[in-house]
Amino acid sequence: MNHILTKRVSLIELFYDLVYVYMISRATSLIHHLHHGIITPVTLAIFALVIIIFINSWMFQTVFTNRYGTSSWTNIIFSFIDMGIVLYMSNAFSATFDQHLATFFLAAGLLSLTLCIQYIIVYAQVNKKYDKEISRAFALILAVRTITLLIGGIFPNRIGTTIALIGIIITWIAPAFTGKYTSHHPIIFSHLLERLIALIILMFGETIVGIANYFTQTNLSIYSILIFISVVSLFFTYIVEFDHMINEEQTKETGNLLIYLHYFILFGISLVTVSLNFINEESAQPIFAITCLFIGLVLFYIGLWIANYLYWSMDC
């Protein structure tokens, strides 16, 4: 019988998540601004870019903590440094490809560098072959991201931005191909699941803030109740799926699929959040607002379906 490893989510990790509350608010604010009643493709692209960098960095840190994290002062100091960088990054982008984005690339490159250094330290400390392979692979991925982002920040032109974007896409996808290494040192499934649930709760927190305007003395109506019930239903659906139905005692998991399916859920919640605001705005095109809502719901349920298909079949 396999021994099920567990790891408690530390208070440092929860404290670290606090900066992502602000990040989520700042990133979501990008798509709250309408141009002729819609969100421009450029704004949507920057929103997706910002979310991918932020959340992917969070994922890298979470997976690192899951496998190699300890309560050492080294890890704690790195966590606090990363928090400061994330706070700065949260104020270093705008809705256009301008100088702000170059500054954002520089800060994101620095964040990738700190994560890369942590894996290099692990590589120097571990003795097992597969741990060296894992740390080397992730250090290489983060090194590529660091270099390409710094190029995008130092050379704020079309070529520099293109190199940064290519680096972001490559290093976002690359962890999916590390399974041949990470399968030898599986993640602690219950810890990763708990961390992802906490992240989704933060996203729903932004949704609650977004619908708060429906609950004022002037705006309260039957629509307010229906919107609130809709948000509660989405939250309840997610919690039932991931907090009650998935078996936390899974072994030999790399965590890659669990991580990537959550991008669908994250983007889905974001679109639902802004669409619920647009529905009440006269400046928003109704068809566009409803389209955002349905796309968000589709993305959300695609994430749930992937989890449903994978983990239910594994438990049977």
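Scope of the values below: all heavy atoms of this structure, side chains included, with no hydrogens, waters or symmetry mates.
Remark: Phe155 CZ is loosely packed, at most 12 non-hydrogen atoms of other residues, nucleotides or ligands lying under 6.0 Å away. Crowding of Phe215 atom CZ: a count of heavy atoms from other residues, nucleotides or ligands under 6.0 Å exceeding 12. In the displayed structure, Phe294 atom CZ is contacted under 6.0 Å by at most 12 heavy atoms of other residues, nucleotides or ligands.
Ile166 and Ile51 sit in two unconnected hydrophobic clusters of ILVMFWY residues. Membership requires side-chain heavy atoms under 4.5 Å apart, directly or through other members.
Taking each heavy atom of Gly255 and Leu192 in turn, the nearest pair found is CA-CD2, 3.8 Å. What you find for Asn75 and Tyr68 is that their closest heavy atoms are ND2-O, 4.1 Å. Taking every heavy atom of both residues into account, Phe267 and Ala48 meet most closely at CE2-CA, 3.8 Å. In terms of heavy atoms, Leu220 sits closest to Ser224 at CA-OG, 3.5 Å. Taking every heavy atom of both residues into account, Arg145 and Ser57 meet most closely at NH1-OG, 4.0 Å. The two residues Phe60 and Tyr119 make their nearest non-hydrogen contact at O-OH, 4.0 Å.
Among the candidates Thr273, Val231, Asn277, the single residue satisfying the side chain to side chain contact (heavy atoms under 4.5 Å, CB included) test with Ile211 is Val231. For the ring-ring contact (aromatic ring centres under 6.0 Å, His included) with Tyr263, the qualifying choice from Phe300, Phe54, Trp172 is Trp172, the only one to do so.
For the atom pair CZ of Phe228 and CG of Leu276, the computed distance is 12.5 Å after rounding to the nearest 0.5 Å. Here Leu234 contributes atom CG and Thr207 contributes atom OG1; the two are 8.5 Å apart, rounded to the nearest 0.5 Å. Separation of atoms OG1 (Thr62) and CZ (Arg67) is listed at 12.0 Å; rounding is to 0.5 Å. Once rounded to the nearest 0.5 Å, the distance linking OH of Tyr260 with CE of Met59 reads 9.5 Å. The structure places CZ of Phe264 at 14.0 Å from CD1 of Ile269, a figure rounded to the nearest 0.5 Å. Atom CD1 of Ile168 is separated from atom CG of Asn56 by 9.5 Å, given to the nearest 0.5 angstrom.
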Working for side-chain contact (heavy atoms from CB on, under 4.5 Å), residues Tyr238 and Asp243:
CA-CA 8 Å; Tyr238 176 85; Asp243 193 43; over 6 Å; no

Steps toward side-chain contact (heavy atoms from CB on, under 4.5 Å) verdict (Leu49, Leu165)
CA-CA 8 Å; Leu49 173 69; Leu165 293 176; 3.6 Å; yes

Verdict with supporting geometry, Phe138 and Leu115, side-chain contact (heavy atoms from CB on, under 4.5 Å)
CA-CA 9 Å; Phe138 278 95; Leu115 294 170; over 6 Å; no

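Between His262 and Phe242, the ring-plane angle classifies as tilted under the 30° and 60° cut-offs.
Between the side chains of Glu13 and Gln61, not a single donor N or O lies within less than 3.5 Å of an accepting N or O.
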